[in-house]
Amino acid sequence: MPVGLEAWFTQIPPVTRAWLALSVLTSVAVQCQLITPLQLYFSFKAAFKNVQLWRVFTTFFYFGTISLDFVFHLFFFMRYSRMLEESSFANRKADYFWLLFLSSLMLLGLSPLFNLPFLSSPLAYVPIYFWSRRHPSTPISLFGLVTITAPYLPFALVAFSWLLTGTWRAAASDLVGCAVGHVGWFIRDVWTREMVGGPTIFSEAPEPLKRLFGDL
């Protein structure tokens with residue numbers, strides 16, 4: 001029977017668990033100098049013209065070298081991704097993966113516009129933002145210092161990240177993630193329900209993907 005860290009890790013829902021594991025392994029590999037960030041960043045030229053297609057994936061798993069900022073982003077992404085997967089997407093692994101997949105495509109398209117070579121942090125803000133809109137009246141205590149309601153959480157975390165890194169670029173990339181999260185929330189909770197009247201390919205995973213994840 002697993003105990004301690006192993007038990008904690010196995011209790012994390014599968015999509016969040018895989019994302020967390022790949023992110024930690026990527027940063028550890030960079031820290032051990034097995035790979036470099038230059039091999040991981042995304043650009044259209046490097047990925048497609050130079051046929052380095054792995055960059056389309058690795059850009060979403062590198063949160064930087066192991067540091068306070070790394071721990072900050074990883075903790076909050078894991079916490080709210082787990083809560084979202086266990087509540088709104090309970091027993092719907094494929095739909096949660098589909099949300100992250102479509103969000104990743106949007107971020108890849110926005111990357112050159114905002115000069116974002118690494119998209120892990122923006123993608124991490126998608127579940128944070130989505131969860132905050134699904135739980136608008138939930139009070140959140142930030143580090144025991146101030147209490148806010150959930151919809152303000154993503155922007156409070158962006159502000160704290162700005163203070164932590166001291167650069168506006170980090171805050172800008174996180175705000176792009178919030179914008180993409182808003183699009184995902186709007187499609188599922190507003191557009192699909194009030195304007196379309198039923199699920200669409202943008203709000204629900206295709207059946208083959210659901211079979212792959214064992215949801216059918």
Side-chain angles (χ1 to χ4, degrees), residues 2-82 84-85 93 96-128 157-158 160-174 176-177 180 209 212-213:
V3 295
L5 186 61
E6 183 184 356
W8 170 81
F9 183 73
T10 56
Q11 289 170 2
I12 300 174
V15 177
T16 301
R17 183 169 66 236
W19 188 4
L20 175 65
L22 288 169
S23 298
V24 171
L25 289 173
T26 301
S27 288
V28 168
V30 171
Q31 199 76 20
C32 295
Q33 299 183 346
L34 299 176
I35 54 177
T36 71
L38 292 176
Q39 297 171 289
L40 304 174
Y41 76 90
F42 172 78
S43 76
F44 277 94
K45 180 180 179 181
F48 300 113
K49 187 176 180 180
N50 297 341
V51 199
Q52 298 174 353
L53 298 179
W54 67 83
R55 296 180 184 274
V56 172
F57 305 99
T58 56
T59 183
F60 294 106
F61 300 119
Y62 183 59
F63 282 87
T65 55
I66 297 175
S67 62
L68 183 59
D69 184 60
F70 168 83
V71 173
F72 168 80
H73 277 94
L74 214 62
F75 172 79
F76 282 102
F77 123 68
M78 192 278 295
R79 173 179 172 82
Y80 289 100
S81 177
R82 175 177 183 170
L84 186 64
E85 190 174 354
K93 301 182 291 294
Y96 186 49
F97 176 84
W98 192 240
L99 167 67
L100 296 177
F101 176 75
L102 294 180
S103 299
S104 299
L105 293 182
M106 281 190 278
L107 287 170
L108 288 171
L110 293 170
S111 173
L113 299 179
F114 294 93
N115 191 24
L116 300 175
F118 294 105
L119 298 171
S120 53
S121 182
L123 184 61
Y125 270 82
V126 170
I128 294 173
L157 295 180
V158 169
F160 186 79
S161 178
W162 191 353
L163 292 173
L164 199 62
T165 60
T167 64
W168 65 268
R169 187 175 295 279
S173 69
D174 293 342
V176 171
V180 171
L209 188 64
L212 180 65
F213 277 84

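All residue numbers in this chain count up from 1 along the given sequence. Since we're looking at a predicted model, the values are computed, not measured.
- A 4.5 Å side-chain heavy-atom check between Val30 and Leu40 finds at least one atom pair inside the cut-off.
- No side-chain heavy atom of Leu25 sits less than 4.5 Å from a side-chain heavy atom of Phe61.
- Under the 30°/60° scheme for interplanar angles, the aromatic rings of Phe44 and Phe42 are found to stand perpendicular.
- Side-chain atoms of Thr59 come within 3.5 Å of backbone atoms of Pro117 as a donor-acceptor pair (strictly under, hydrogens ignored).
- The minimum heavy-atom distance between Leu157 and Phe72, with the atom names listed, is O-CZ, 3.7 Å.
- Atom CD of Gln52 and atom NZ of Lys45 lie 10.5 Å apart (nearest 0.5 Å).
- Taken to the nearest 0.5 Å, the CH2 atom of Trp98 stands 10.5 Å off from the CZ atom of Phe213.
- The OG atom of Ser121 lies 12.5 Å from the CZ atom of Phe76; values are rounded to the nearest 0.5 Å.
- Judged by distance alone, the side chain of Arg17 and the main-chain N or O of Thr10 form a donor-acceptor pair under 3.5 Å.
- Put simply, the side chain of Ser111 never gets that close to the backbone of Leu107: no donor and acceptor are under 3.5 Å apart.
- The OH atom of Tyr125 sits 15.5 Å away from atom OG of Ser103, with the distance rounded to the nearest 0.5 Å.
- Arg82 has its side chain out of reach of Pro127: every pair of non-hydrogen atoms, C-beta onward, lies at least 4.5 Å apart.
- No donor-acceptor distance shorter than 3.5 angstrom exists from the side chain of Gln11 to the backbone of Trp8, with no hydrogens or angles considered.
- Ring planes of Phe63 and His73: tilted class, angle from 30 to 60°.
- Closest approach of Ser161 and Asp174 over heavy atoms only: OG-OD2, 3.4 Å.
- The aromatic rings of Phe118 and Tyr41 lie perpendicular to each other, with more than 60° between the two planes, well past the 30° mark.
- Contact check for Leu123 versus Trp19: side-chain heavy atoms found under the 4.5 Å cut-off.
- Here Phe160 contributes atom CZ and Asp69 contributes atom CG; the two are 9.5 Å apart, rounded to the nearest 0.5 Å.
- Taking all atoms of both residues into account, the shortest heavy-atom contact from Met78 to Thr16 is O-CG2, 4.0 Å.
- Residues Val56 and Leu108 form a side-chain contact, since some pair of their non-hydrogen atoms from C-beta on lies under 4.5 Å apart.
- For the pair Gln31 (side chain) and Ile66 (backbone), a donor-acceptor distance under 3.5 Å is present.
- For the pair Ser120 (side chain) and Tyr62 (backbone), a donor-acceptor distance under 3.5 Å is present.
- A centroid separation of 6.0 Å or more is found between the aromatic rings of Phe57 and Trp54.
- The two residues Glu85 and Val15 come nearest to each other via the heavy atoms OE2-N, 3.1 Å.
- Side-chain contact between Ser23 and Leu74 is present, with heavy atoms from C-beta onward closer than 4.5 Å.
- To the nearest 0.5 Å, atom CG of residue Leu116 and atom OG of residue Ser43 are 12.5 Å apart.
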